[in-house]
Student: 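Quick one: this structure, given as structure tokens, is what I'll be asking you about.
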Amino acid sequence: MKHLITPNDLTNEEIEELFEDAKLFKDLKSNNLLDGKIVVTLFFESSTRTRSSFEIAAKRLGADVVNLEVNTSSTNKGETVEDTVANLNAMKPDAIIIRHKDCGLPESLKSYVDCPIINAGDGKNAHPTQALLDLFTIDEHYNGDIEGKNIAIVGDIANSRVATSNLELLPRFGLNPILVAPKRFKVTSSFKTVSNIKDVIDDLDIIMSLRVQHERHEITASPEKQAKQKEKYIKKYCITKKLMGNRDILLLHPGPVNRNIDISDEMLLDPRSKVLKQVENGVAIRMAVLKKFILQKSE
Ligand code: ASP
């Protein structure tokens, strides 16, 4: 049984096949490839895009979707996530899509199920379908000519599963990540890392802006210090028209965007911003993922 926990669960060849399917699914018309299948979603962390995108993807393929409301589920009565998942598995679903704040939890659930687990985000560890849809959007924008393109990943890299999964995936397809972050959001890495985006802006083909992951921070600073930090952050890391100038740079963001902190209102309206294209592509990619993992031959 194959599960999708990180992008490394897929070979480059499998990713290319997924992209071929996603291109066909881009018309977003419904079909009945997963007729009679049941997909369970289990989201222990907030989500707008990922959960609805998976749900729409499953329904477009003809599957039924059961969204477990975790706030009213038995985990609230003291049941462990492992037991919840084992009980759901006993009802014979065809896939379980899970998001949880604990890094590594989806991986640890593999032994409790007979169906694929699809990781929809575990803490700062991984978000494979986001990285796939990001790569797909880049590939589509450059008509497949992505080898050697420079991509700045900007913001809270240390706490972002989107960054982790993209840093795992993008170099496999020849992209060069450059990390742009203040000291507190940096990670130890072999990739070029800078504090000031202006130092690299002229070399960039793509910018991936990230949200500051407040939910993963331990707040120790006073409210005054936090306000100052925020002001400083905006000055240096908010992607504005002034910073972009006329440069031909593709601008991405996984959402949710914190307007005028991550990206300015004006840049969100600029045609170089492909944030909604990412969301559109997300459904096609998740259709391809669900098709592949649910229809996999048993090993
Ligand atoms: N939606 C993405 C995630 O779940 C990015 C974010 O929340 O900032 O990781």
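FYI, side chains are in, hydrogens and waters are out, and symmetry mates aren't considered; it's all heavy atoms of this structure. Read the numbers this way: they start at 1 and go in the same order the structure lists the ligands and their atoms.
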Student: Taking the side chain from Asn281 and the backbone from Gln278, do they hold a donor-acceptor pair closer than 3.5 Å?
Tutor: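 Absent.
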Student: Considering both backbone and side-chain atoms of Arg216, is one of its nitrogen or oxygen atoms within less than 3.5 Å of a nitrogen or oxygen in ligand 1?
Tutor: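 No; the residue has no nitrogen or oxygen that sits under 3.5 Å from a nitrogen or oxygen of the ligand.
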Student: Any chance CG of Asp248 has more than 12 other-residue heavy atoms, nucleotides or ligands included, within less than 6.0 Å?
Tutor: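 At most 12 heavy atoms, drawn from other residues, nucleotides or ligands, come within 6.0 Å of this atom.
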Student: Has Arg99 got any heavy atom lying under 4.0 angstrom from an atom of ligand 1?
Tutor: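 Yes; Arg99 lies near enough to ligand 1 that a heavy-atom distance drops under 4.0 Å.
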Student: Count I, L, V, M, F, W, Y as connected when their side-chain heavy atoms are under 4.5 Å apart, and connections chain through other members. Are Val275 and Leu243 then in the same cluster?
Tutor: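 Val275 and Leu243: one cluster.
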Student: In terms of residue, atom name and distance, what is the protein heavy atom nearest to atom 9 (O) of ligand 1?
Tutor: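 Protein heavy atom with the smallest distance to atom 9 (O) of ligand 1: Arg161 NE, 2.8 Å.
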Student: So if I count the atoms of ligand 1 from 1 in the order they appear, which ones are less than 4.0 Å from some heavy atom of Val162?
Tutor: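 So the answer, numbered in order with elements, is 2 (C), 5 (C), 9 (O).
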Student: Mind checking whether Ser46 has a heavy atom under 4.0 Å from ligand 1?
Tutor: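 Not so, Ser46 does not reach ligand 1.
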Student: Going only through I, L, V, M, F, W and Y residues with side-chain contacts under 4.5 Å, is there a path from Ile207 to Val162?
Tutor: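 No, Ile207 does not connect to Val162 through the hydrophobic network.
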Student: Kindly compute the distance separating CG (Leu105) from CZ (Phe44), expressed to the nearest 0.5 Å.
Tutor: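 The CG atom of Leu105 sits 8.0 Å away from the CZ atom of Phe44.
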Student: Please classify the His127 to ligand 1 contact at 4.0 Å (heavy-atom distances, strictly less than): side chain, backbone, both or neither.
Tutor: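 Just the side chain.
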Student: For the residue pair Phe136 and Phe19, categorise the inter-ring angle as parallel (less than 30°), tilted (30 to 60°) or perpendicular (more than 60°).
Tutor: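 Phe136 vs Phe19 ring planes: perpendicular.
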Student: Show the atoms of ligand 1 that are less than 4.0 angstrom away from any heavy atom in Arg211.
Tutor: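 Numbered from 1, ligand 1 contributes 6 (C), 7 (O), 8 (O).
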Student: If we only count N/O pairs under 3.5 Å, is Gln213 in contact with ligand 1?
Tutor: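 Gln213 vs ligand 1: N/O contact under 3.5 Å present.
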Student: Determine, using heavy atoms of Gly255 and all atoms of ligand 1, whether some pair is separated by less than 4.0 Å.
Tutor: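 So Gly255 counts as touching ligand 1.
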Student: If you draw the axis of the six-membered ring of Phe54, does the NZ or CZ of Arg286 fall within 45° of it and under 6.0 Å from the ring centre?
Tutor: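 Yes - Arg286 lies over the ring of Phe54, closer than 6.0 Å to its centre and within 45° of its axis.
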Student: Any N or O of Glu215 that comes nearer than 3.5 Å to an N or O of ligand 1?
Tutor: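 It does not: no N or O of Glu215 is found under 3.5 Å from an N or O of ligand 1.
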